[in-house]
Structures are given as C-alpha cells and as structure tokens.
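Working notes for the structure below.
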Protein chains: 2
Amino acid sequence: MKPRDDKKADDIYKATLSLVKAKGLAGITMGEIAREANIATGTLYIYFKNKSELINSLFTVCRNASAAVYFKNFETSMPFKTGFKTIWYNLLNYRIKRFEEAVFIDQCYHSPFITETTKEMTKKLFMPLYSLIDSGKQQQLIKDHDTIMLLTFMAGSINETVKHAYYANRKITKEVAEEMFQMCWDGIKA
Amino acid sequence: MKPRDDKKADDIYKATLSLVKAKGLAGITMGEIAREANIATGTLYIYFKNKSELINSLFTVCRNASAAVYFKNFETSMPFKTGFKTIWYNLLNYRIKRFEEAVFIDQCYHSPFITETTKEMTKKLFMPLYSLIDSGKQQQLIKDHDTIMLLTFMAGSINETVKHAYYANRKITKEVAEEMFQMCWDGIKA
DNA sequence: TTTTTAAGTGAATATTTATTCATTAATTTT
DNA sequence: AAAATTAATGAATAAATATTCACTTAAAAA
C-alpha cells in the first residue's frame with residue numbers, strides 16, 4: 001500500500017493561500033491550485049472531497065493556528081499591561097508573518113464556502129482574550145467600555161496597519177511597531 | 001426608439017451589493033444578479049459589457065460615493081480637532097449606513113476584477129485626508145508619526161468596529177460612537 | 001519476489017456559468 | 001398610424017470549471 005504523502009496536503013494549502021492572496025477567493029480554480037501545488041487535478045480529490053471542503057478545512061487550520069499563536073509567552077500571572085502587550089505583539093507578528101492567512105480568513109467570512117457552525121466555533125476560540133480585557137477593566141487600568149469594543153479596537157488597528165504596510169510595500173520596523181502599540185494603549189487605557 | 005431605463009443600472013448595482021454581502025464576490029453569478037434585480041440575464045449585457053466591467057464600474061461608483069461623503073460639513077477653517085471629529089463621524093456613519101458597499105470594496109481589493117489603475121485612482125481620491133493629518137502634526141496636536149500610519153489607525157478602528165457590530169447584530173448607539181471616537185483620539189493625540 | 005493496496009495522473013465528462021442572439025415589446029420620430 | 005430604433009427577454013450556445021475514472025506507479029505486506 002502506498003501511504004498518503006503528508007507534505008502534499010500542506011502543499012495544497014500553501015498553493016491555495018498564495019493564489020487567494022493574488023487573485024482572491026473569487027479567482028481561484030481547482031486546476032490552478034493543482035498546478036501551483038505541482039500535482040495533478042485528480043490528486044486534489046484524494047486529499048479533499050471537493051472545493052468547498054478544501055476551503056473549509058484550510059479555514060479551520062488557519063484559524064486554529066492563529067488562535068494558538070495569540071497566547072504565546074503569555075502568563076496569567078503577568079501584570080495586565082505586560083500581558084496585553086505580549087498578546088498585542090503576538091497578534092501583530094502573526095499578521096505580518098502570515099499575511100496570506102489573514103487575507104484568506106477575511107475573504108472566507110463573506111463567502112459561500114464557510115458554514116455558520118464554523119463561524120460559531122471561531123468565536124469560542126477567542127474567549128480567553130475576553131477574560132484578559134475583563135481583568136484589565138476590573139483593575140481600572142483600561143476604559144470601562146464594552147469588552148468586544150475594546151478588543152475590536154485593538155484588532156482593527158493592527159489588521160488595517162498590516163494590510164496597509166503590505167500594499168504600500170513598507171516594512172513595519174521595531175520603532176513603527178512600538179509607535180503603533182503606544183497608540184493602541186493610549187486609546188484604551190483608563 | 002425606446003430609451004434606456006436609468007433606474008435599471010441602479011437596480012443592478014443594488015442587487016450585486018446585496019448578493020456580495022450575502023455570499024461574497026466568489027459566490028455571485030450573472031444569473032443571480034439578474035434574478036435579484038428582476039430583469040432578464042440578457043438585459044445585464046445591455047448595461048454592462050460583461051461581468052468584469054459590471055464589478056469594476058460598481059467599484060468606482062462606490063468609491064466615489066464614499067470619497068464624497070468623507071468631507072461633508074468639513075471646513076478647512078475649523079479647529080483641527082473639530083475637523084478631525086467631523087470626518088471621523090462621516091466615516092463611521094458611512095460605514096454603518098452603507099455596510100454593503102464597504103464589504104464589496106474590501107472584497108474587490110483582492111479580486112481578479114479590479115485593475116491596478118483603478119486601485120491607483122483610489123489612492124489619489126483620499127489625498128485630502130493626508131493634508132488634514134499633516135496640519136494636525138504641524139500644530140503638534142497629534143503624535144508625530146507617519147501620516148499614513150495615523151490615518152490607518154483611525155480607519156482601522158472604525159472599519160473593524162462596524163464590521164463587528166454588524167455580525168454581532170448590535171446597534172452602534174450615540175454613546176458607543178462617542179466612546180469609540182474618544183479611544184481613537186486618545187490614541188493619536190500628542 | 002509477488003501480490004495487494006492505495007496514491008497519483010490527466011484526459012474525459014459533467015456541471016455550472018457567462019455570453020450571445022433571434023425574437024418581442026416599447027418608445028420615438030416621421 | 002406606420003416606420004424605425006433600441007430595450008428587454010430568455011432559451012440556446014459557448015466557455016470555464018469542477019469532478020470523475022480508467023489507468024499507471026509506488027510502496028507495503030505476504
């Protein structure tokens with residue numbers, strides 16, 4: 001029996017991400033994905049039942065990967081600001097390093113491929129962030145606004161800035177990143 | 001000679017926006033657009049040469065509409081903060097009221113339909129915003145960071161918050177809007 | 001080594017979707 | 001009122017794309 005090549009599913013994912021970044025979800029075909037991944041069209045269907053399942057499956061992989069990264073180096077015992085900054089930088093670095101995944105996830109949200117249940121599960125994954133913000137509010141270190149609003153403010157500035165840097169072909173230096181963090185912090189602090 | 005029905009092009013635009021919001025750019029077909037607009041498929045081709053031209057044309061219409069709205073009630077003579085706030089609220093209200101257009105524009109950016117020249121023209125339309133930010137920096141009212149970074153920070157928080165409110169099915173009240181503005185202002189002020 | 005099993009292939013087929021076109025209907029012009 | 005012109009229609013066709021399948025190849029088990 002010939003075993004399945006683990007690397008191949010990954011190649012397919014990579015090819016898909018790269019094509020979506022270049023042409024959008026509306027622009028990709030199974031044929032192109034196969035070509036980009038250096039495999040035959042038929043092989044795609046060994047690894048994924050159909051296009052929809054490929055997209056959904058990639059969405060789940062990306063989302064889980066991102067959720068895992070958000071809490072790297074974070075300890076509940078940290079002072080609030082330190083913890084917040086840790087997560088802020090994790091988010092920024094993730095968006096920079098895996099820009100393609102961010103674009104893909106954004107596009108999926110308004111697409112016929114992703115099911116409602118998949119979207120629901122995504123919400124749950126980010127629950128831990130809520131507790132962090134809540135604790136900051138309890139310690140009166142940050143503004144007493146709606147938790148989701150505060151989180152969204154944080155995420156929004158990062159997302160948009162990374163997107164812009166990418167399109168304008170600019171690198172986000174250490175100094176710029178620190179400036180960005182300062183703006184975000186000044187915005188939410190009490 | 002039968003005259004062309006001016007309302008029809010608008011119906012087609014509306015139908016397209018509505019479908020893109022619901023299923024994404026990847027999910028729409030000319031047939032569906034026609035059905036949603038209550039016309040025959042062939043009629044689409046009287047008003048637009050093909051799908052690509054329809055999308056591009058709608059993109060341009062949306063973009064120009066948004067640019068026009070940004071400077072409503074704004075006077076160069078205003079104190080910086082007043083002017084900034086005016087534009088901030090214009091942006092917020094536009095995003096709320098025309099959520100579909102915002103989604104559409106976002107999706108177009110990574111799509112095979114929009115040409116590079118169209119993207120270039122978009123940049124130019126928003127030049128006036130740059131001068132506003134520059135003047136705020138000169139008066140030392142806001143942080144001396146890169147202009148685009150400041151603008152992006154502003155736009156990012158608005159976009160993401162409106163998006164979130166939409167998906168979570170929450171209304172952005174006057175109070176919430178004011179909180180949001182405060183966060184943005186605290187973030188950028190010197 | 002031989003057999004077995006599943007992966008891998010890519011041309012063939014099925015399906016979906018864009019686009020055209022012969023025809024009809026609605027206006028305007030004469 | 002008749003002629004002329006163009007919009008509007010939707011079934012027919014063309015084009016693009018997803019999916020299958022008969023076949024080949026590679027690896028594992030016997």
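Below, chain A is the first sequence line, B the second, and so on; all start at residue 1. Owing to the predicted nature of the structure, the values given are computational and were not obtained by experimental measurement.
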### Message
With salt bridge (Lys or Arg N to Asp or Glu O under 4.0 Å) as the criterion, how do B/K14 and B/E101 come out once you've worked through the C-alpha distance, each side chain's angles and the decisive distance to 0.1 Å?
### Response
CA-CA 10 Å; B/K14 286 214 184 85; B/E101 295 183 19; over 6 Å; no
#### Entry: Spacing between A/I55 atom CD1 and D/dT17 atom C1', to the nearest angstrom
14 Å
### Ring centres under 6.0 angstrom apart (A/F84, A/Y89)
no
### Message
Expressed as a whole number of angstroms, how long is the span from B/N50:CG to D/dA14:P?
### Response
19 Å
### Interatomic distance where CZ belongs to B/R35 and P belongs to C/dT17 [whole Å]
11 Å
### Task
Spell out protein contact along nucleotides 5-10 of chain D as letters: B when the base is contacted, S when just the sugar-phosphate is, - when no protein heavy atom is under 4.0 Å; keep the 5' to 3' order.
BBSBBB
### Task
Rounded off to whole Å, could you give me the CD1-to-P distance for the A/I28 and D/dT19 pair?
12 Å
### Query
Starting at CG of B/L54 and ending at P of C/dT17, how long is that distance when rounded to a whole Å?
16 Å
### Message
What is the distance, to the nearest angstrom, from the CD atom on A/E36 to the C1' atom on D/dT17?
### Response
18 Å
### Message
Are B/Y109 and B/M121 linked, directly or through intermediate hydrophobic residues, by side-chain heavy-atom contacts shorter than 4.5 Å (ILVMFWY only)?
### Response
no
### Message
For A/W88, run the ring pair (Phe, Tyr, Trp, His ring centres under 6.0 Å) check against A/Y70, A/Y94, A/F181, A/W185 and tell me which one passes.
### Response
A/F181
### Query
More than 12 foreign heavy atoms under 6.0 Å from NZ of A/K97: is that the case here?
no
#### Entry: Pair B/T147, B/K137: side-chain N/O donor-acceptor within cut-off below 3.5 Å
yes
### Query
How many Å lie between CD on B/E53 and P on C/dA18, as a whole number?
15 Å
#### Entry: B/F113 CZ to D/dA16 P, straight-line distance once rounded to whole Å
14 Å
